[in-house]
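Below: one structure, written as C-alpha cells.
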Amino acid sequence: MARKTTLYSAHIAAGAKMVDFGGWDMPINYGSQIEEHHQVRGDAGMFDVSHMSAVDVEGERSREFLSFLLANDVAKLRESGKALYSCMLNEQGGVIDDLIVYYLDETRFRLVINAATTDKDLAWIKRQAGPFDLGIAPRRDLDMIAVQGPLARQKVMSLLPGEHVEAASSLKPFFAAQLGDFFVARTGYTGEDGFEVTLPGEQAHAFWDRLLEAGVRPCGLGARDTLRLEAGMNLYGQDMDEETTPLEAGLGWTVAMKDEREFIGREALEAQKAGGVPWRFTGFILEGRGVLRAGQRVVTSAGDGVITSGTYSPTLQKAIGMGRIPAEADGTCQVDMRGKLLELRLVRPPFVRNGAACEGIL
Amino acid sequence: MSNIPEDLKYTQSHEWVSREANGNVRIGITDHAQEALGDLVFVELPAVGDETDQGDSVAVVESVKAASDIYAPVTGEVVAINEDLEDDPGLINNDPYGDGWLYEVALSDESELDDLLDAEAYEESLED
C-alpha cells in the first residue's frame, strides 16, 4: 500500500493522475505534462515534494560529522542558510544518495534526502553518527512544496506575511531562511528560479490553495523529470546508484578532495582516479526522430555505453539524454533504438537554463 | 471514463478500426490508450504501399513517458497515412478517433473484421 502525502486530496481535486513513486502515491500529471513543463519554464508551477524527507542533524559535532559523511565539503557552508549539494557515499565510493544540506547554525544542519532511499539513508546516517553524539531527527511533521518558474518567487512572496517579504526577496540562489513557520529555500530541480518551501503539514493545504489562487499551476512528477533532465540534473537510482561513483556519473564537481579531509568513500575515489575512471558521463542529443530512454544501448568505438536518463525535451522539441560511455570512446556514437542505430550528438549538460537553450545545444 | 464510440471496432491492444465510405479501413489508437500514454511526441507510421499482416507491429507511438507498438488489426495494403502527425503528434491526444487517425488500409480479407471487438466487448476488456 503506497503512502500518501498530506496533499493527496488536493491532487485528486486538481484532476491528478496518480502513480507509485518510491513507495508513495504521487501525481504524474494533472492532464498534460508538456503543458505543465511549459508552465514552469514560462510562468510558475508547483510540485508537492513532501515524499522527500527533511532530516535535522543536531549537536555540537554536527559539522565534524557531516564533513566525514558527505563527499562535498560542509566547510563551504559559512553563512547561515547556505545550501550545498552533495553525494553520500559508501566505502566503495558508490552513491547511497544525493542530497541537499542546509546550514542553519553551528549545532544544526538540515538534510533533504530522496523518498525511495529514506529508510536506508537514515540507517546509514545513524550508524555513522554513532561516535559523534548527535540527534538525527527525521522531520515527518514537515511537508515540502517546490514553486518554480520565472514568476515563482514573486508569487510566493505575495503570500508571505509582510514582515517576511524583504528577507525572502533578498535570499540569494542556494540560500534558505526560516521565516515564521516556513523554511524558504531558493533552490529547486528544474533549472528555473524559485523557492522550495518546507512547512508544517497542517498548513500545507492552506498554502497550496493560496498558491492556486495566485495562479501557480500544479505540476506532476512527469514534468519534474523533463525539467530536471533539461537542466542537466542527475536523478538518483537512474543516473547513479550504489554501483556508480560520482566520478562516473558526472558529479566529480561535487566531490571535494583538494585538501586532506577524511570522508567515507574517499579512498575508493582516489584509487579510481589513479587507475583511470572507466566511464565518461555526457549529454546526448538525438537530431533525428525518436525519444531517448533510460536503458538504451549506446554504441561507441570503444564498446557499449548506456543512456541513464532520456526523454523528449518540450523546450528543445527533440530527444535529449544523459549517460555513460567508455572513457576511451572517440568519434561518433549511436543509440540502439529498437534495433536501428541512430546518430547521437554529444553535448555538455545543462540543455536548458532559465527558459532558454544553453550555448552549444541547438 | 474513456470514450468508446459505438460505431467502431477494437482490438485488445487498444487500436480502433473504422470502415470508410470507400471500403477501406482507417486505424488509430483508442482514447484509453492515449490517456494511458500521456502526451504523444513522436509517431512512426508505415509507408504507403506497405503490406501489413494482422498482428504485425506496423507503427510506433512515443509519448514523453513510453514507446508503444501499434499492431495491425487487419491484413491489407497501406493506402494512406496521416501526415499531419509528423508535425503534431498531439492530435492523437486531442482527437484520437478523428484528426488523430494513424493510417488506412485496403482490406485483403473482409472476414478479419469479425475477429475484432465491438464497443461493449472492448469496454469489458478494459475492466479486466
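Each chain gets a letter, A, B and so on, in the order its sequence line appears, and its residues count up from 1.
Looking at T226(A), only its side chain comes within 4.5 Å of chain B, counting heavy atoms on both sides. Only the backbone of V43(B) comes within contact range of chain A, with at least one heavy atom under 4.5 Å from a heavy atom of that chain.
A 6.0 Å sphere centred on CD of E120(B) holds no more than 12 heavy atoms belonging to other residues, nucleotides or ligands. More than 12 heavy atoms of other residues, nucleotides or ligands shown are found within 6.0 angstrom of CD on E20(B). Residue E287(A) places its CD atom among more than 12 non-hydrogen atoms of other residues, nucleotides or ligands, all under 6.0 Å distant. A 6.0 Å sphere centred on CD of E343(A) holds more than 12 heavy atoms belonging to other residues, nucleotides or ligands. Residue R338(A) qualifies as enclosed at atom CZ: its count of foreign heavy atoms under 6.0 Å is above 12.
Using modelled atom types, one side-chain atom of K17(A) and one backbone atom of E35(B) make a donor-acceptor pair closer than 3.5 Å. The backbone N or O of A66(B) lies less than 3.5 Å from a partner atom in the side chain of R293(A), making a donor-acceptor pair.
Note that NZ of K65(B) is 6.0 Å distant from CD1 of I28(A), once rounded to the nearest 0.5 Å.
Counting heavy atoms from C-beta on, the side chains of R289(A) and E62(B) never come closer than 4.5 Å.
Minimum heavy-atom separation, I34(A) to D39(B): N-OD2, 2.7 Å. Shown here for V64(B) and Q33(A), the closest heavy-atom pair between the two residues is CG1-NE2, 3.1 Å.
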